[in-house]
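Everything on this sheet refers to the single structure shown next.
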Amino acid sequence: MMDQLVIGGRSLQSRLFIGTGKYSADALIPEVVKKSGSEVITVALRRIDFNSPMGNVMDHIPSGMQLLPNTSGARNAQEAIRIARLAKAAGCGNWIKIEVISDNKYLLPDGYETIKATEVLAGEGFVVLPYISPDLMVAKHLVEVGAAAVMPLGAPIGSNRGLKTKELLRILIEEIALPVIVDAGIGKPSDACEAMEMGAAACLLNTAIASANQPELMAEAFGMAVAAGRKAYLAGLGRSEKYASSSSPLTGFLHN
(Lines give C-alpha, C1' and ligand atoms only; values in the text may rest on other atoms or scores of the structure.)
Protein backbone atom coordinates (compact mmCIF):
# COMPACT_ATOMS: atom_id res chain seq x y z
CA MET A 1 0.00 0.00 0.00
CA MET A 2 1.46 3.34 -1.04
CA ASP A 3 0.85 5.87 1.67
CA GLN A 4 3.36 8.65 1.48
CA LEU A 5 3.39 11.99 3.21
CA VAL A 6 4.38 14.77 0.82
CA ILE A 7 5.70 18.07 2.20
CA GLY A 8 7.50 20.69 0.18
CA GLY A 9 7.61 18.33 -2.78
CA ARG A 10 9.39 15.58 -0.84
CA SER A 11 7.71 12.20 -0.36
CA LEU A 12 8.25 10.60 3.03
CA GLN A 13 7.71 6.95 3.91
CA SER A 14 7.99 7.51 7.67
CA ARG A 15 5.60 9.77 9.54
CA LEU A 16 7.83 10.04 12.59
CA PHE A 17 9.97 13.18 12.84
CA ILE A 18 12.63 13.27 15.53
CA GLY A 19 14.86 15.78 17.28
CA THR A 20 18.52 15.98 18.24
CA GLY A 21 18.48 17.51 21.72
CA LYS A 22 18.95 16.11 25.23
CA TYR A 23 20.88 12.97 24.29
CA SER A 24 23.59 11.92 26.70
CA ALA A 25 25.86 11.83 23.66
CA ASP A 26 25.29 12.97 20.09
CA ALA A 27 26.91 9.72 18.98
CA LEU A 28 23.60 7.99 19.83
CA ILE A 29 21.78 9.85 17.05
CA PRO A 30 22.71 7.63 14.07
CA GLU A 31 21.38 4.48 15.76
CA VAL A 32 18.25 6.32 16.93
CA VAL A 33 17.63 7.40 13.34
CA LYS A 34 18.15 3.86 12.10
CA LYS A 35 15.84 2.26 14.66
CA SER A 36 13.10 4.88 14.32
CA GLY A 37 13.02 4.79 10.53
CA SER A 38 12.58 8.55 10.57
CA GLU A 39 13.52 10.59 7.52
CA VAL A 40 13.13 14.07 9.04
CA ILE A 41 15.24 15.44 11.87
CA THR A 42 15.12 18.83 13.52
CA VAL A 43 18.03 20.69 15.06
CA ALA A 44 18.28 24.07 16.73
CA LEU A 45 20.58 26.31 14.76
CA ARG A 46 21.95 27.76 17.97
CA ARG A 47 23.36 24.32 18.83
CA ILE A 48 25.49 24.23 15.70
CA ASP A 49 29.00 25.61 15.63
CA PHE A 50 30.09 25.18 12.04
CA ASN A 51 33.58 26.42 12.89
CA SER A 52 34.22 24.09 15.81
CA PRO A 53 37.27 21.88 15.23
CA MET A 54 35.74 19.41 17.70
CA GLY A 55 32.75 18.74 15.48
CA ASN A 56 29.09 19.25 16.32
CA VAL A 57 25.68 17.61 16.21
CA MET A 58 25.56 17.88 12.41
CA ASP A 59 28.38 15.34 12.20
CA HIS A 60 26.02 12.70 13.63
CA ILE A 61 23.04 13.24 11.34
CA PRO A 62 23.05 10.58 8.62
CA SER A 63 23.17 11.75 5.03
CA GLY A 64 19.88 11.62 3.21
CA MET A 65 17.89 12.85 6.20
CA GLN A 66 15.62 15.81 5.58
CA LEU A 67 17.09 18.49 7.81
CA LEU A 68 14.54 20.65 9.59
CA PRO A 69 16.44 23.44 11.35
CA ASN A 70 14.37 25.24 13.92
CA THR A 71 14.36 28.77 15.25
CA SER A 72 14.55 27.80 18.91
CA GLY A 73 15.55 30.84 20.93
CA ALA A 74 13.65 33.33 18.77
CA ARG A 75 11.43 35.66 20.81
CA ASN A 76 9.74 37.44 17.91
CA ALA A 77 9.22 37.20 14.17
CA GLN A 78 12.31 39.19 13.25
CA GLU A 79 14.58 36.91 15.24
CA ALA A 80 12.97 33.81 13.71
CA ILE A 81 13.40 35.21 10.21
CA ARG A 82 17.05 36.00 10.88
CA ILE A 83 17.73 32.50 12.21
CA ALA A 84 16.00 30.93 9.21
CA ARG A 85 18.08 32.94 6.77
CA LEU A 86 21.28 32.06 8.65
CA ALA A 87 20.37 28.36 8.51
CA LYS A 88 19.81 28.51 4.77
CA ALA A 89 23.03 30.45 4.20
CA ALA A 90 24.90 27.85 6.25
CA GLY A 91 23.74 25.08 3.92
CA CYS A 92 20.89 23.64 5.99
CA GLY A 93 18.40 23.81 3.11
CA ASN A 94 15.10 25.59 2.79
CA TRP A 95 12.99 23.69 5.32
CA ILE A 96 12.45 25.59 8.55
CA LYS A 97 10.49 24.93 11.73
CA ILE A 98 9.35 28.23 13.15
CA GLU A 99 9.50 28.45 16.92
CA VAL A 100 8.75 31.84 18.43
CA ILE A 101 8.61 31.69 22.21
CA SER A 102 8.78 34.55 24.69
CA ASP A 103 7.13 32.72 27.60
CA ASN A 104 9.85 31.10 29.69
CA LYS A 105 7.62 29.20 32.09
CA TYR A 106 5.38 27.15 29.81
CA LEU A 107 7.33 27.69 26.56
CA LEU A 108 4.11 28.30 24.67
CA PRO A 109 4.44 29.63 21.11
CA ASP A 110 3.44 33.16 20.10
CA GLY A 111 0.85 32.68 17.36
CA TYR A 112 0.88 36.28 16.14
CA GLU A 113 4.65 36.46 15.71
CA THR A 114 4.66 32.97 14.18
CA ILE A 115 2.21 34.05 11.48
CA LYS A 116 4.34 37.09 10.65
CA ALA A 117 7.52 35.03 10.34
CA THR A 118 5.79 32.36 8.27
CA GLU A 119 4.44 34.89 5.78
CA VAL A 120 7.88 36.40 5.17
CA LEU A 121 9.76 33.12 4.91
CA ALA A 122 7.16 31.36 2.77
CA GLY A 123 7.37 34.34 0.43
CA GLU A 124 11.13 33.75 0.20
CA GLY A 125 10.64 30.13 -0.84
CA PHE A 126 11.15 28.40 2.50
CA VAL A 127 9.17 25.26 3.31
CA VAL A 128 7.76 26.53 6.60
CA LEU A 129 6.52 24.25 9.36
CA PRO A 130 5.33 26.45 12.23
CA TYR A 131 5.07 25.22 15.83
CA ILE A 132 1.81 26.46 17.36
CA SER A 133 -0.70 26.04 20.11
CA PRO A 134 -3.67 24.11 18.67
CA ASP A 135 -5.62 27.25 17.83
CA LEU A 136 -7.89 26.95 14.80
CA MET A 137 -7.77 30.59 13.79
CA VAL A 138 -3.97 30.74 14.04
CA ALA A 139 -3.79 27.61 11.90
CA LYS A 140 -6.14 29.10 9.31
CA HIS A 141 -4.01 32.24 9.07
CA LEU A 142 -0.91 30.09 8.63
CA VAL A 143 -2.59 28.30 5.74
CA GLU A 144 -3.35 31.66 4.14
CA VAL A 145 0.24 32.93 4.42
CA GLY A 146 1.85 29.83 2.92
CA ALA A 147 2.76 27.32 5.64
CA ALA A 148 3.58 23.83 4.37
CA ALA A 149 2.15 22.16 7.49
CA VAL A 150 1.10 23.12 11.00
CA MET A 151 2.67 21.64 14.12
CA PRO A 152 0.37 21.96 17.13
CA LEU A 153 1.53 20.92 20.59
CA GLY A 154 0.06 17.98 22.46
CA ALA A 155 1.39 19.32 25.79
CA PRO A 156 4.13 21.75 26.82
CA ILE A 157 7.57 21.11 25.32
CA GLY A 158 9.57 18.44 27.07
CA SER A 159 6.79 17.53 29.49
CA ASN A 160 6.11 14.00 28.17
CA ARG A 161 2.48 14.51 29.34
CA GLY A 162 0.80 13.20 26.21
CA LEU A 163 -2.16 14.55 24.26
CA LYS A 164 -3.55 17.09 26.73
CA THR A 165 -4.94 19.13 23.82
CA LYS A 166 -6.67 16.19 22.14
CA GLU A 167 -10.00 17.85 21.42
CA LEU A 168 -8.33 20.92 19.91
CA LEU A 169 -6.05 18.70 17.83
CA ARG A 170 -9.11 16.89 16.54
CA ILE A 171 -10.59 20.20 15.35
CA LEU A 172 -7.40 21.12 13.49
CA ILE A 173 -7.24 17.72 11.83
CA GLU A 174 -10.83 18.10 10.67
CA GLU A 175 -10.62 21.71 9.54
CA ILE A 176 -7.11 22.33 8.20
CA ALA A 177 -6.24 21.13 4.70
CA LEU A 178 -2.48 21.06 5.39
CA PRO A 179 -0.70 18.18 7.12
CA VAL A 180 -1.15 18.41 10.90
CA ILE A 181 2.01 17.21 12.64
CA VAL A 182 1.56 16.77 16.38
CA ASP A 183 4.59 18.24 18.11
CA ALA A 184 5.69 18.53 21.73
CA GLY A 185 4.49 16.70 24.80
CA ILE A 186 4.22 13.21 23.36
CA GLY A 187 5.62 10.99 26.08
CA LYS A 188 4.72 7.42 25.19
CA PRO A 189 4.45 5.41 21.98
CA SER A 190 0.74 5.00 22.78
CA ASP A 191 0.39 8.83 22.67
CA ALA A 192 1.88 8.89 19.18
CA CYS A 193 -0.29 5.97 18.10
CA GLU A 194 -3.41 7.76 19.32
CA ALA A 195 -2.49 10.96 17.48
CA MET A 196 -2.08 8.98 14.28
CA GLU A 197 -5.34 7.11 14.85
CA MET A 198 -7.03 10.51 15.08
CA GLY A 199 -5.73 11.38 11.62
CA ALA A 200 -2.60 13.38 12.32
CA ALA A 201 -0.27 13.37 9.33
CA ALA A 202 2.83 12.78 11.46
CA CYS A 203 4.34 13.22 14.93
CA LEU A 204 7.52 15.01 15.99
CA LEU A 205 9.15 14.18 19.30
CA ASN A 206 12.47 14.38 21.02
CA THR A 207 12.43 14.22 24.81
CA ALA A 208 10.53 10.93 25.03
CA ILE A 209 13.27 9.18 23.06
CA ALA A 210 16.29 11.11 24.33
CA SER A 211 15.33 10.69 28.00
CA ALA A 212 14.56 6.97 27.78
CA ASN A 213 16.90 4.51 29.45
CA GLN A 214 17.50 2.95 26.03
CA PRO A 215 16.92 5.66 23.42
CA GLU A 216 17.51 3.34 20.46
CA LEU A 217 14.89 0.86 21.67
CA MET A 218 12.42 3.65 22.41
CA ALA A 219 13.01 5.08 18.94
CA GLU A 220 12.09 1.72 17.45
CA ALA A 221 8.95 1.59 19.62
CA PHE A 222 7.86 5.03 18.45
CA GLY A 223 8.47 4.11 14.82
CA MET A 224 6.23 1.08 15.20
CA ALA A 225 3.57 3.04 17.12
CA VAL A 226 3.32 5.77 14.47
CA ALA A 227 3.07 3.19 11.71
CA ALA A 228 0.40 1.24 13.63
CA GLY A 229 -1.63 4.37 14.32
CA ARG A 230 -1.52 5.37 10.68
CA LYS A 231 -2.68 1.92 9.54
CA ALA A 232 -5.51 2.01 12.05
CA TYR A 233 -6.61 5.42 10.77
CA LEU A 234 -6.58 4.22 7.17
CA ALA A 235 -8.45 1.05 8.14
CA GLY A 236 -11.12 3.04 9.94
CA LEU A 237 -11.69 2.48 13.64
CA GLY A 238 -14.67 0.39 14.65
CA ARG A 239 -17.62 2.12 16.24
CA SER A 240 -17.80 2.68 19.98
CA GLU A 241 -20.97 1.49 21.76
CA LYS A 242 -22.44 2.42 25.13
CA TYR A 243 -23.74 -1.10 25.84
CA ALA A 244 -22.39 -4.59 25.23
CA SER A 245 -22.78 -6.03 21.77
CA SER A 246 -22.34 -9.78 21.25
CA SER A 247 -19.91 -10.85 18.56
CA SER A 248 -22.11 -13.89 17.86
CA PRO A 249 -25.90 -14.07 17.32
CA LEU A 250 -27.92 -14.47 20.51
CA THR A 251 -30.10 -17.11 18.85
CA GLY A 252 -29.65 -20.76 17.89
CA PHE A 253 -28.54 -22.08 21.32
CA LEU A 254 -28.26 -25.84 21.75
CA HIS A 255 -31.18 -27.47 23.58
CA ASN A 256 -31.37 -30.83 25.40
Side-chain angles (χ1 to χ4, degrees), residues 1-45 47-50 52 54-70 72 87 90-97 127 129 131 149 151 154 157-158 160 162 179 181-197 200-234:
M1 178 179 66
M2 295 295 292
D3 177 40
Q4 297 181 330
L5 173 61
V6 179
I7 297 177
R10 174 159 182 173
S11 297
L12 302 167
Q13 302 287 339
S14 171
R15 292 171 180 267
L16 173 60
F17 298 5
I18 61 174
T20 52
K22 298 185 178 179
Y23 287 99
S24 58
D26 289 339
L28 291 170
I29 292 174
E31 190 65 13
V32 166
V33 169
K34 179 181 177 181
K35 292 292 188 181
S36 70
S38 178
E39 300 166 80
V40 180
I41 192 164
T42 187
V43 60
L45 188 67
R47 292 186 59 219
I48 305 172
D49 181 359
F50 290 99
S52 172
M54 304 300 291
N56 60 61
V57 65
M58 296 292 286
D59 298 332
H60 300 281
I61 297 177
S63 61
M65 292 287 289
Q66 176 62 57
L67 194 61
L68 178 60
N70 65 62
S72 174
C92 294
N94 70 335
W95 282 41
I96 191 75
K97 177 187 171 188
V127 177
L129 289 77
Y131 169 61
M151 306 184 73
I157 289 176
N160 279 355
I181 301 168
V182 178
D183 182 9
I186 293 176
K188 304 185 296 294
S190 56
D191 298 329
C193 187
E194 184 175 11
M196 298 304 295
E197 288 173 349
C203 292
L204 188 152
L205 55 105
N206 180 77
T207 302
I209 294 176
S211 63
N213 292 333
Q214 298 184 57
E216 304 95 328
L217 187 58
M218 188 60 78
E220 184 175 17
F222 269 106
M224 297 171 71
V226 167
R230 178 63 181 176
K231 287 185 178 181
Y233 170 74
L234 294 175

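Going from atom CG of Asp183 over to atom NZ of Lys97 covers 3.5 Å, rounded to the nearest 0.5 Å. Between Thr42 atom OG1 and Gln66 atom CD the span is 10.5 Å, to the nearest 0.5 Å. For the atom pair Phe17 CZ and Leu68 CG, the distance stands at 7.5 Å (nearest 0.5 Å). Interatomic distance, Ile209 CD1 to Ile29 CD1, rounded to the nearest 0.5 Å: 11.0 Å. Considering CG of Asp26 and CE of Met58, their distance stands at 11.5 Å, rounded to 0.5 Å. Interatomic distance, CG of Leu28 versus NZ of Lys22, reported as 15.5 Å (0.5 Å rounding).
Two residues are said to be in side-chain contact when any heavy atoms from C-beta on lie closer than 4.5 Å; Leu16 and Leu205 meet this criterion. Between Tyr131 and Asn70, every side-chain heavy-atom pair lies at or beyond the 4.5 Å cut-off. A 4.5 Å side-chain heavy-atom check between His60 and Tyr23 finds every atom pair outside the cut-off.
Closest approach of Ala192 and Cys203 over heavy atoms only: O-SG, 3.9 Å. Taking all atoms of both residues into account, the shortest heavy-atom contact from Ser14 to Glu39 is N-OE2, 2.6 Å. The minimum heavy-atom distance linking Asn160 with Ala208 is given by the pair OD1-N, 3.5 Å.
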(message) With side chain to side chain contact (heavy atoms under 4.5 Å, CB included) as the criterion, how do Glu197 and Cys193 come out once you've worked through the C-alpha distance, each side chain's angles and the decisive distance to 0.1 Å?
(response) CA-CA 6 Å; Glu197 288 173 349; Cys193 187; 3.6 Å; yes
Mind listing the side-chain donor-acceptor pairs of residues 211-230 below 3.5 Å, one per line with the distance, residues two or more places apart or on another chain?
unit_1	atom_1	unit_2	atom_2	d
Ser211	OG	Thr207	O	2.5
Arg230	NE	Asp3	OD2	2.8
Arg230	NH2	Asp3	OD1	3.0

Determine all donor-acceptor pairs shorter than 3.5 Å in which one atom belongs to a side chain in residues 30-37; sequence neighbours excluded.
unit_1	atom_1	unit_2	atom_2	d
Ser36	OG	Val32	O	3.1
Ser36	OG	Val33	O	3.0
Ser36	OG	Ser38	N	3.1

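Val40 pairs in a side chain to side chain contact (heavy atoms under 4.5 Å, CB included) with only one of the listed residues (Leu12, Leu67, Leu5, Leu204), which is Leu12.
Checking side-chain atoms of Asn206 against main-chain N and O of Thr20 turns up a donor-acceptor pair under 3.5 Å.
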